[in-house]
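Only a predicted model underlies this, so the values are computations on that prediction, with no experimental measurement involved.
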Amino acid sequence: MTTDPLLVYPDPPAAVVARALDQAGLVWKGLPEPTGSRGSGGIEDGAAGALVSLVEGAEAGLAACRALRKREAPVAPLLVVCSVEQVGLLSLREDLFDDFCCTPLRPGELEARLGHLWWRAGRGAQPELVEHGALQLNLETYQAAVAGHPLDLTYMEYELLKFLASHPGKVFTREVLLSRVWGYEYYGGARTVDVHIRRLRAKLGEPHANLIQTVRSVGYRFGQAKGW
């Protein structure tokens, strides 16, 4: 989710709109009447887009959408909030908005629609990461790095490291790792885990190889056990 404020019109918004925005955990700022193609009208360069509600007044809301679109730097993405009865007003006005959401507003739907618009605009949430000390795993791009240096991992090496790093301090037997990482249909023996652990340690490098610890007669653990 973007950390830039979402501009919300009218200012102040209806209580149900403000409540849904807050419950969705969105950062937002009330937008005064947007006027002119150049004037700021409360519009910031770093804004994450705009939400325009038609509930308080359809004509005023559509005029606000038109003003936001006519600026030299059009505000986007733009989400319209309307009642079911107002949906017909959006027909042939698709150029004024990117998506719409009907009342009653549900925080989860509101967050999902905005998240999708941000993703389409290339302004989506920060990539989901798993981080532990110098190690960083990007769960979206399947990339891994340690101390800023990329690791050249095979798919299964990455999956094993991701699973362990996602459960720091917890001990897993080889059998559990086989079932959770390779899958129940995999018929390889416990030696498969040992081989991959050895390769991972080699690729992590000597200063970081001890991130994966051997628990004698049990299995492996990533990082220190809790309470140590």
Side-chain angles (χ1 to χ4, degrees), residues 1-131 136-141 166-168:
M1 185 183 302
T2 178
T3 57
D4 293 326
L6 177 73
L7 302 177
V8 178
Y9 177 87
D11 181 27
V16 291
V17 175
R19 183 164 56 250
L21 289 164
D22 290 337
Q23 290 177 350
L26 296 165
V27 179
W28 61 277
K29 175 183 178 182
L31 176 66
E33 196 78 28
T35 57
S37 61
R38 292 177 177 271
S40 64
I43 301 172
E44 302 170 358
D45 291 338
L51 180 150
V52 175
S53 174
L54 307 188
V55 177
E56 297 84 345
E59 290 306 317
L62 291 171
C65 291
R66 197 171 294 109
L68 291 170
R69 286 300 209 210
K70 287 185 176 180
R71 298 181 78 250
E72 287 185 353
V75 175
L78 198 157
L79 179 72
V80 166
V81 172
C82 63
S83 66
V84 174
E85 294 75 18
Q86 292 174 319
V87 171
L89 297 174
L90 303 180
S91 180
L92 302 180
R93 291 187 168 101
E94 288 81 0
D95 58 319
L96 298 182
F97 60 93
D98 298 292
D99 197 0
F100 69 93
C101 194
C102 289
T103 56
L105 285 179
R106 298 174 178 84
E109 180 185 359
L110 182 62
E111 182 180 8
R113 286 183 181 275
L114 285 168
H116 180 66
L117 290 177
W118 286 325
W119 176 80
R120 282 173 50 191
R123 302 176 61 182
Q126 292 297 314
E128 188 176 356
L129 304 175
V130 171
E131 297 178 290
Q136 184 181 83
L137 299 173
N138 187 318
L139 304 188
E140 296 180 4
T141 63
S166 298
H167 303 84

So which heavy atom on A20 is nearest to which on P107, and how close?
O-CB, 3.9 Å
Go through it in stages, so that I can follow the logic: the residues are L31 and V8, the test is side-chain contact (heavy atoms from CB on, under 4.5 Å), and I'd like the CA-CA distance, side-chain angles, deciding distance and then a yes or no.
CA-CA 5 Å; L31 176 66; V8 178; 5.9 Å; no
Sort and list the pairs that fulfil side-chain hydrogen bond (donor to acceptor under 3.5 Å, both in side chains) and have at least one residue in residues 13-26, not counting sequence neighbours.
D22-W28
Who pairs with E94 by side-chain contact (heavy atoms from CB on, under 4.5 Å), at least two apart in sequence or on another chain?
F97
The criterion is ring pair (Phe, Tyr, Trp, His ring centres under 6.0 Å); which residues satisfy it with H167, sequence neighbours excluded?
F163, F172
Is the side chain of E56 donor-acceptor paired with the backbone N or O of A14 at a distance under 3.5 Å, no angle test?
yes
For a quick test of reading the model, state the closest non-hydrogen atom pair linking G61 to V52 and the distance between them.
O-CG1, 3.4 Å
Distance check, rounded to the nearest 0.5 Å: R113 atom CZ versus D99 atom CG?
4.5 Å
Looking at side-chain heavy atoms only, is the closest gap between L79 and L6 below 4.5 Å?
no
Start with the C-alpha gap between C102 and C82, add the side-chain angles, then the distance that decides, and say whether side-chain contact (heavy atoms from CB on, under 4.5 Å) holds.
CA-CA 5 Å; C102 289; C82 63; 4.3 Å; yes
Separation of L129 CG from L139 CG (nearest 0.5 Å)
7.0 Å
Considering non-hydrogen atoms only, spot the tightest contact between A48 and P77 and give its length.
O-CD, 3.5 Å
Any residue meeting side-chain contact (heavy atoms from CB on, under 4.5 Å) with A60, in chain and number order, not counting sequence neighbours:
Y9
Could you list the residues that satisfy side-chain contact (heavy atoms from CB on, under 4.5 Å) with R93, not counting sequence neighbours?
L62, R66, L89, L96
Would you say P104 and V16 make side-chain contact, with heavy atoms under 4.5 Å?
no
Could you tell me whether a side-chain N or O of D98 sits under 3.5 Å from a main-chain N or O of L78, the two making a donor and an acceptor?
yes
Would you name the heavy atoms of V84 and T103 that are closest together and state the gap between them?
CG2-O, 4.1 Å
Set of side-chain hydrogen bond (donor to acceptor under 3.5 Å, both in side chains) partners for D11, sequence neighbours left out:
none
What's the verdict on side-chain contact (heavy atoms from CB on, under 4.5 Å) for L110 and L51, showing C-alpha distance, side-chain angles and the deciding distance?
CA-CA 10 Å; L110 182 62; L51 180 150; 3.8 Å; yes
